[in-house]
There are 2 protein chains.
Amino acid sequence: MVKQQVERQHTPSMEDYLEAIAMLRDANKAVRVSQISRRLKVRMPSVTSALERLSEKGLVVHERYRYVELTPEGESVAEGVVHRHEALSRFFTEALDIDRETAEEDACKIEHVISSLSLERMIKFIEFIQSCPLEEPNFPKRYKYYLEHGQLPEECLARGLEKEERRK
Amino acid sequence: MVKQQVERQHTPSMEDYLEAIAMLRDANKAVRVSQISRRLKVRMPSVTSALERLSEKGLVVHERYRYVELTPEGESVAEGVVHRHEALSRFFTEALDIDRETAEEDACKIEHVISSLSLERMIKFIEFIQSCPLEEPNFPKRYKYYLEHGQLPEECLARGLEKEERRK
DNA sequence: AAGAATTGTTAGCCTTGCCTAACAATTATA
DNA sequence: TATAATTGTTAGGCAAGGCTAACAATTCTT
């Protein structure tokens with residue numbers, strides 16, 4: 001588990017294009033400029049010029065008026081982005097109990113900047129709360145209670161107080 | 001608790017400048033271009049031009065060759081950024097047990113893009129694990145154990161298994 | 001107080017990444 | 001198949017945000 005924070009190679013915008021291309025291809029088959037344009041909510045000329053920059057870096061293949069494809073390298077960059085996106089989105093919804101829409105929005109932004117260590121910890125955290133076989137000291141349940149009521153459930157507080165008593 | 005995701009007004013770069021100015025002022029007294037330059041690791045002309053943009057938006061006051069000051073509005077923007085930074089940094093170190101350096105780096109990036117809802121939840125989460133008065137079903141302790149060993153402590157697993165037995 | 005050192009500004013350049021307007025190629029349809 | 005609709009490209013513009021080189025103001029030192 002070495003820390004080799006590989007200086008981020010691509011801009012958020014580039015990563016967004018690669019991600020969009022990967023996802024469109026998974027959903028349909030052939031990826032067109034217009035689809036990318038709609039998905040990322042930018043105009044077509046912006047897509048064309050982004051694709052140019054991406055080909056220069058060897059991440060996509062795009063012949064004029066034709067479909068867009070990822071190179072193996074583009075593929076692997078896209079995969080990384082999608083992976084980060086999914087982990088973040090799960091962390092927000094499952095661990096922090098945030099609504100899907102906000103979770104997606106935040107994941108879209110944070111996927112471009114988070115360190116691999118923090119991401120790894122978030123993934124571990126989800127594993128942790130899911131693998132926890134206990135029901136009474138149940139993390140997500142108590143957390144949600146706390147979110148709603150601003151304090152822990154009665155029985156927890158009670159036990160906490162006992163403790164403090166004993167300490168005196 | 002209404003969701004009024006006030007369309008983010010300022011760029012990450014602008015926010016960085018405001019944050020840096022606020023923190024330098026808190027540490028020393030009068031803020032100079034050279035200090036900002038060193039702190040943000042950009043050249044002085046970049047600072048000068050950034051300050052120009054910031055004055056146009058009414059966020060700082062800067063007379064040629066003189067000190068830099070925040071306007072009340074700049075102040076409040078800076079305060080927001082610092083607040084987000086601190087919450088994120090605490091979340092990473094205290095909740096996810098990430099080293100201070102990585103936590104700071106990530107906070108610096110994420111502070112510019114996270115939604116107020118997610119931030120609020122992270123703050124609540126820290127409150128939660130801190131206010132938890134229980135020791136045995138101790139979240140941070142068990143989480144750290146899980147981080148190190150890849151599974152929960154014996155007694156948890158044991159109890160989990162008991163449960164499954166009963167279910168059969 | 002004069003010269004040296006430091007600090008700050010200006011001018012000008014570059015890239016990214018978006019945009020609109022105009023035109024060109026492709027595809028669909030009468 | 002000719003024309004209309006759609007899709008894509010080119011050209012050109014603009015703002016943000018960084019840079020260097022050259023110059024100007026300020027401050028420090030003797």
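Sequence lines set the chain letters: A, B, ... in the order given, protein chains first and strands last, and positions in each chain run from 1. Just so you know, these numbers use all the heavy atoms, side chains as well, and skip hydrogens, waters and symmetry mates.
- No side-chain heavy atom of B:Glu105 sits under 4.5 Å from any side-chain heavy atom of A:Ser115.
- Mapping A:Tyr17 and B:Glu63 onto DNA chain C by nearest heavy atom places B:Glu63 at the nucleotide closer to the 5' end.
- For A:Ser34, the listed nucleotide lying nearest its side chain is D:dG8; candidates were C:dT9, C:dG8, D:dG8.
- Here D:dT6 presents its P atom at 11 Å from CE of A:Met44, a figure rounded to the nearest Å.
- Atom CD1 of B:Ile36 is separated from atom C1' of C:dT7 by 13 Å (rounded to the nearest Å).
- Residue B:Thr48 places its side chain closer to C:dT10 than to any other of C:dT10, C:dG17, C:dT7.
- Whole-Å rounding puts the A:Asp16 CG to C:dT16 P distance at 16 Å.
- Nearest nucleotide to the A:Ser46 side chain, out of D:dT10, D:dC19, C:dC18: C:dC18.
- In this entry the distance linking CG of A:Leu51 with C1' of D:dT9 reads 12 Å, nearest Å.
- In this structure, CG of A:Leu40 is placed 11 Å from P of C:dC19, rounded to the nearest angstrom.
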Output side-chain donor-acceptor pairs under 3.5 Å for residues 49-56 of chain B, partner residues at least two apart or in another chain, one line each.
| residue | atom | partner | partner atom | Å |
| --- | --- | --- | --- | --- |
| B:Ser49 | OG | B:Ser46 | O | 3.3 |
| B:Ser55 | OG | B:Leu51 | O | 2.7 |

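- Heavy atoms of other residues, nucleotides or ligands lying less than 6.0 angstrom from CD of B:Glu69 number 12 at most.
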Side chain to side chain donor-acceptor pair (under 3.5 Å), that's the test. Do A:Asp99 and A:Thr102 meet it? Break it down for me.
CA-CA 6 Å; A:Asp99 63 283; A:Thr102 306; 2.8 Å; yes
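- In this structure, A:Glu52 atom CD and C:dT15 atom C1' are separated by 14 Å, rounded to whole Å.
- If you take CG of B:Leu18 and C1' of D:dA16, they are 15 Å apart, rounded to a whole angstrom.
- Taking the side chain as every heavy atom from C-beta outward, A:Leu117 and A:Glu120 approach each other to under 4.5 Å.
- Distances shown here put every side-chain N or O of A:Ser49 at or beyond 4.0 Å from the OP1 or OP2 atom of D:dT9.
- Here the C1' atom of nucleotide D:dG17 and the CG atom of B:Leu54 are 12 Å apart, to the nearest Å.
- Of the residues near DNA chain D, B:Glu56 and B:Arg43, the one whose nearest nucleotide (by heavy atom distance) lies more toward the 5' end is B:Glu56.
- Listed candidates were C:dT9, D:dG18, D:dG17. Nearest to the side chain of B:Thr11 is D:dG17.
- OP1 or OP2 of C:dT9 has at least one side-chain nitrogen or oxygen of B:His62 nearer than 4.0 Å.
- Between B:Arg53 and D:dA16, a side-chain N or O to OP1/OP2 separation shorter than 4.0 Å is absent.
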So which protein nitrogen or oxygen atoms get under 3.5 Å of nucleotides 24-28 of chain C's nitrogens or oxygens?
| residue | atom | partner | partner atom | Å |
| --- | --- | --- | --- | --- |
| C:dA25 | O4' | A:Tyr65 | OH | 3.4 |

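- Linking Ile, Leu, Val, Met, Phe, Trp and Tyr residues whenever their side-chain heavy atoms come within less than 4.5 Å leaves A:Val81 and A:Ile123 in two separate clusters.
- Summarising the geometry, atom NE2 belonging to B:His85 is positioned 3.5 Å from atom CD belonging to B:Glu104; distances are rounded to the nearest 0.5 Å.
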